[in-house]
Amino acid sequence: LIALALFLGMMALSTGIDLTHFFIYDLVMHLLMLHNLDPATCYSINGVFWTLAVEEQLYLAYVLLLFLRKRWGWGPTLIICVLARVAWFYLSHVVWLTTGAGIPVPEAALSHWFTWALGAMAVEAWFGLVRLPKWCSNFWIGSAAVIAGAAISDLLPQMSKDTPFHSAGWLLMHPLLGFGFFVLVNGAVGWERRRQQAHEAAESSVAVTSERRWRVPALVNAAATLGLFSYSLYLTHELVIMQAWRFPTRLPPMLHTLLFLVPLTVVFAWVFFNWCEKPYMKQSTRSVSKEREQGEEIFHKAIPAMEEV
């Protein structure tokens, strides 16, 4: 909400705001997290806000996802999620042919349900509720899937939209990228866990000084520090980029981006995080600490039952 107000404020100062029927409709759609359902409102205020609507809609669909997972297991559930993507693709195509109305496809929640389900399965694997095959954390398989998805993404704009190759590429692109990152994240988490367990085993067998105790690698620490306020970075980077280009420099575009835009977006996101996001995180932590403890106790009691299922 703060980011939305910030974007509207900058819009009012730069181009001005006309209180038309469409503006009110656009604002209401954003507030209700439904703006990804209309091509006219998907990217109207902030180009990245459409993903927030997808997330909220998939959170609501979590009830259905867990129902399917409990009833049939992850294999059939993932197949259903893939079929949902295909069904939405053909639904939008039929609506376009019959009415001429465009339904957003890449911005629709059902288009990304498979990727969302992979994330849920990865969390269950981390908690030990499911056991994934070794190839689900293989670096080479994950990298190959990401490279293939990126290649399709690069080739799609060069293809005619009315060809089977374009349709097949579109259907495969996002699932390939989602699967690739699913495998790479599993591999990274597994590597970190094995590294920590090895050091803990060494500490238990011999006396280890505090200087030799296991420490998180510096690169991982740096990435985690950036990751802490990455949501703020995601929300605000477009605003900073749009405004920063108002102040041209004599630097080449690439150097201008690396030396000026990137540090500026990171600094602005850090300020936004500390002033706008962090206070609510602390308030939330205080208010739900007791409920979290009760939830964790219920969760750990449920693990044996879920393993039996």
Side-chain angles (χ1 to χ4, degrees), residues 55 58-59 62 65-66 69-70 73-75 77-78 81 112-150 174-234 273 278 281 284-285 288-289 291-309:
E55 291 173 23
L58 288 175
Y59 272 123
Y62 225 142
L65 182 69
L66 292 178
R69 177 252 184 274
K70 182 179 178 181
W74 272 119
T77 299
L78 292 176
C81 292
H112 302 281
W113 205 18
F114 172 73
T115 304
W116 180 271
L118 288 178
M121 187 168 63
V123 173
E124 289 195 5
W126 189 86
F127 276 105
L129 299 179
V130 295
R131 185 182 297 275
L132 298 176
K134 288 186 177 181
W135 57 264
C136 284
S137 57
N138 186 284
F139 172 81
W140 299 109
I141 293 177
S143 299
V146 170
I147 292 173
H174 290 141
L176 270 175
L177 290 170
F179 171 75
F181 283 112
F182 164 76
V183 174
L184 292 177
V185 168
N186 287 336
V189 170
W191 173 84
E192 191 173 68
R193 172 178 283 180
R194 291 190 300 272
R195 184 182 175 91
Q196 185 174 7
Q197 289 174 344
H199 280 266
E200 290 175 352
E203 290 177 8
S204 63
S205 60
V206 297
V208 181
T209 62
S210 59
E211 290 78 9
R212 293 180 56 193
R213 290 184 182 276
W214 183 78
R215 295 178 180 177
V216 177
L219 181 61
V220 176
N221 253 334
T225 301
L226 184 63
L228 181 63
F229 61 92
S230 60
Y231 182 60
S232 293
L233 179 62
Y234 182 72
F273 168 78
K278 193 174 181 180
M281 294 170 64
S284 176
T285 301
V288 304
S289 58
E291 288 81 356
R292 181 180 297 169
E293 292 176 1
Q294 294 174 348
E296 289 178 352
E297 182 180 355
I298 294 173
F299 180 80
H300 288 295
K301 286 182 178 179
I303 287 179
M306 293 190 70
E307 287 180 339
E308 184 177 349
V309 172

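When reading the values below, keep in mind they use all heavy atoms of this one structure, side chains included, and skip hydrogens, waters and symmetry mates. Throughout, residue positions are numbered sequentially from 1 according to the sequence presented. Given the structure is predicted, the values throughout are model-derived calculations rather than measurements.
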Of the non-hydrogen atoms in [X] and [Y], which two are nearest, and what is the gap between them?
| X | Y | answer |
| --- | --- | --- |
| Glu192 | Val220 | OE2-CG1, 3.7 Å |
| Val130 | Met121 | CG2-O, 4.0 Å |
| Phe182 | Ala122 | CE1-CB, 3.7 Å |

About how many Å separate CZ of Phe273 and OG of Ser230, when rounded to the nearest 0.5 Å? 9.5 Å
Working to the nearest 0.5 angstrom, can you tell me the gap between Thr115 OG1 and Leu177 CG? 8.0 Å
Taken in chain and number order and not counting sequence neighbours, the residues that satisfy ring-ring contact (aromatic ring centres under 6.0 Å, His included) with Tyr231 are none
ring-ring contact (aromatic ring centres under 6.0 Å, His included) partners of Trp116, counting only residues at least two apart: Tyr59, Tyr62
Please identify each residue that fulfils side-chain contact (heavy atoms from CB on, under 4.5 Å) with Val189, with sequence neighbours left out. Trp126, Val185
Under the side-chain contact (heavy atoms from CB on, under 4.5 Å) rule, collect the residues that match up with Val123, sequence neighbours excluded. Phe127
Please output the side-chain donor-acceptor pairs of residues 137-148 that fall under 3.5 Å, not counting sequence neighbours, one pair per line with the distance.
residue : atom : partner : partner atom : Å
Ser137  : OG   : Lys134  : O            : 3.1
Asn138  : OD1  : Trp140  : N            : 2.9
Asn138  : OD1  : Ile141  : N            : 3.0
Ser143  : OG   : Phe139  : O            : 2.9

Residues forming a side chain to side chain donor-acceptor pair (under 3.5 Å) with Thr77, sequence neighbours excluded: none
Stepwise side-chain contact (heavy atoms from CB on, under 4.5 Å) test for Leu65 and Trp113: CA-CA 9 Å; Leu65 182 69; Trp113 205 18; 4.1 Å; yes
Among Leu78, Val183, Asn186, the one residue meeting side-chain contact (heavy atoms from CB on, under 4.5 Å) with Leu118: Leu78
